[in-house]
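Data first, discussion second: the structure below is written as structure tokens.
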Amino acid sequence: MVDVIIAGGGPAGLFLACELRLAGVRPLVLERRPRPDLSDKAHGLAGQVVRLLDHRGLFERCAGQAAPAPAPGFFFGGLPLPLHRLGQDNPMYLLPVHQRDLERMLDERAAELGAQVRRGWDVLSFGQNDERVEVVARAPGGAETTLTARYLVGCDGARSTIRKQAGIAFPGLSDDHVVDRTALIGPSDRFHVLPGGRVAIDGLGEIPAAFHRTDRGVFTLLAHDPQRPLVNTAEWEDHPAGDFPGPGAPMTLQEMEQSIQRVLGVRLPLSAPPEGAPTLLRRQCGRNSRLAERLRQGRVFLAGDAAHVSHGPTLNAALQDAANLAWKLAATVQGWAPRGLLDSYESERHAAAERVLLHTQAATALMAPGGGVTALRRLLAELLDSPDNLRLVAALLAGADVRHDMGEERPAAPTGRFVPPLEVTTADGRTRRLAELLRQARPLLLDLTGGDDLAATAEAWSDRVRRVSATAAGQAPAPALLIRPDGYVAWAGADPDGLKAALTRWFSPG
């Protein structure tokens, strides 16, 4: 019997396996696909999740640089956000990375940590009792096998077998009239990518490369790889032709050309990417925004697309689901979890997913055709000229507006929020980024008081909470911070009694 079976070996399942191994428990990942998915899907991460990967040392492995920096700009509903105006209050971080590359890196990291990942295993059903979960899976050779674990986590996508068999409803909204077409194309002399995020198209002139809205739809051109730019259109159609891949006629470059002509009003001949390069021709009809009614059924949990889907940053939310759930499962398996800790996964991540659905639905509405929407966009652009409004929208998109209830009646400002980036000098005289102190996914008490009172209080928890005494290079948000493994501040202050209450609440009596 293993500690946790994870159904699904995409980014969410693999990151969950990594987090569980760091916490000292034994996961088993069962993935239906025989090999990693190399198809073109998401193209990057945005918001607090980028800093979460930095906490684990994974940002550097993806980006090739040591630390993330706030992004100078972003978009909401196709409207540009001048985030550089926010200065130190800018919460938006970006990590341009193809999902296939992220998945490959997480697969390598899981192997380094000793996580079991079995590919070609199809989860068929499960049953549970008060002590364990029994999972029936089909092995690559076709034989059915029953595997046992203390817990099961469904990371098996929007059509989750685990969610369906658990009897968990998946309510939400669908707009069947939005059609997204996406293609990887070859280089062309008919368009030229310009500095400043713009593109010049013959017969049209200069337009924004990202989210150019017209009365007929939205056009986007991303040229991370100049040899195979990615083009996308969104149109609102009365009679969509069906998805491809999947049900529907095959998507073609000619169809992509016709869609671009309808949106932009000019013909843009397209060619296939260079021979041997990855290709992509995808049509998606309809946009879904759905959130599972519950994220837990006994010993069974949902994470990632199995728990929520939207036309937006679902991968961002999926990785944060994994970080939130992993340490709570590990604490329970190891026998020191306080009462109700596992239930807090659902309450925290369900609320966070609701915020994601809120802004993704709003963004879709803001890009729809029509004079009313155009007027709304003009008004919103004026409102976003205010730094206060810009800050609120940036926090919403980054997930920085999420504040978990940590059980205090009057919590200090950083309590409940994702810990801010800090640079500290530890007792050995070394200056480090806070992210470097969170590599092992352990609870951390960052003590900046310079005294011994908090050290004495935390001593009883030394087997599960690491204490680091340090001084802050700049202005710290509080004299001391108790940081959960998922990066959220469980307590802030200098009062030993307050610290003791928080340690007891989240990490059980010492």
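Each residue takes its place number in the sequence, starting with 1.
- At least one donor-acceptor pair under 3.5 Å links the side chain of N316 to the backbone N or O of A46.
- Side chain of R349 to main chain of A318: no donor-acceptor pair is present (N/O by atom type, distance under 3.5 Å, no hydrogens or angles).
- In this structure, the side chain of E423 does not engage the main chain of R433 through any donor-acceptor pair within 3.5 Å.
- Distance alone, capped at 3.5 Å, places no donor-acceptor pair between the R442 side chain and the L444 backbone.
- Salt bridge annotation for K328-E348: present, with a cationic side-chain nitrogen under 4.0 angstrom from a carboxylate oxygen.
- In this structure, the side chain of R163 engages the main chain of A158 through a donor-acceptor pair within 3.5 Å.
- Checking side-chain atoms of H359 against main-chain N and O of G77 turns up no donor-acceptor pair under 3.5 Å.
- The two residues P477 and L422 come nearest to each other via the heavy atoms CD-CD2, 3.9 Å.
- Counting all heavy atoms, side chain and backbone alike, G493 lies closest to A478 at N-CB, 4.0 Å.
- Of the possible polar contacts, one joining the E31 side chain to the G9 backbone as a donor-acceptor pair under 3.5 Å is found.
- A salt bridge is absent between K500 and D497: the closest approach of a Lys/Arg side-chain nitrogen to an acidic carboxylate oxygen does not fall below 4.0 angstrom.
- Between R21 and E112 there is no salt bridge, since none of the side-chain N atoms of the basic residue sits less than 4.0 Å from a carboxylate O of the acidic one.
- A salt bridge is defined here as a Lys NZ or Arg NE, NH1 or NH2 lying under 4.0 Å from an Asp or Glu carboxylate O, and R150 with D3 fails to meet this definition.
- A donor-acceptor distance shorter than 3.5 angstrom exists from the side chain of R51 to the backbone of V419, with no hydrogens or angles considered.
- In terms of heavy-atom proximity, L147 sits nearest to W121 at CD1-CZ3, 4.2 Å.
- In this structure, T360 contributes its side chain and V356 its backbone to a donor-acceptor pair below 3.5 Å.
- Residue-environment remark: CG (D452) stays at or below the threshold of 12 foreign heavy atoms within 6.0 Å.
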For this session: Any chance you could lay out the side chain to side chain donor-acceptor pair (under 3.5 Å) test for T182 and N232, step after step, and finish with the verdict?
Result: CA-CA 4 Å; T182 307; N232 173 267; 2.8 Å; yes
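- Between the side chain of R26 and the main chain of M1, a donor-acceptor pair closer than 3.5 Å is present.
- In the model, D428 has a side-chain atom that pairs as donor or acceptor with a side-chain atom of T426 under 3.5 Å.
- A donor and an acceptor atom, one from each side chain of R287 and T364, are located under 3.5 Å apart.
- Between V29 and G8 the shortest heavy-atom distance is CG1-O, 3.7 Å.
- The ring of Y488 has its center no closer than 6.0 angstrom to the ring center of W506.
- Look at D107 and R119 and you find a salt bridge, because one of the NZ, NE, NH1 or NH2 atoms lies within 4.0 Å of a carboxylate O, short of that distance.
- Ring pair Y151/F301 is tilted by interplanar angle, where 30° to 60° counts as tilted.
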For this session: Assess whether side-chain contact (heavy atoms from CB on, under 4.5 Å) is satisfied between W491 and M406, documenting all intermediate values.
Result: CA-CA 7 Å; W491 170 84; M406 296 297 174; over 6 Å; no
Exercise. Where do R118 and L28 land on the side-chain contact (heavy atoms from CB on, under 4.5 Å) test, with the steps shown first?
Worked result: CA-CA 8 Å; R118 298 183 186 177; L28 169 62; 3.5 Å; yes
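- Using modelled atom types and a 3.5 Å distance limit, the side chains of S310 and S289 yield no donor-acceptor pair.
- With no hydrogens or angles considered, no side-chain donor-acceptor pair links H55 and D486 at under 3.5 Å.
- Contact check on D225 versus R228 returns a salt bridge, with a Lys/Arg side-chain nitrogen under 4.0 Å from an Asp/Glu carboxylate oxygen.
- Using a 4.0 Å cut-off between charged nitrogen and carboxylate oxygen, E206 and R198 count as a salt-bridge pair.
- Residues L390 and L384 come closest through the heavy atom pair CB-O, 3.8 Å.
- For R432, the CZ atom is densely surrounded, since the number of other residues' heavy atoms within 6.0 Å is greater than 12.
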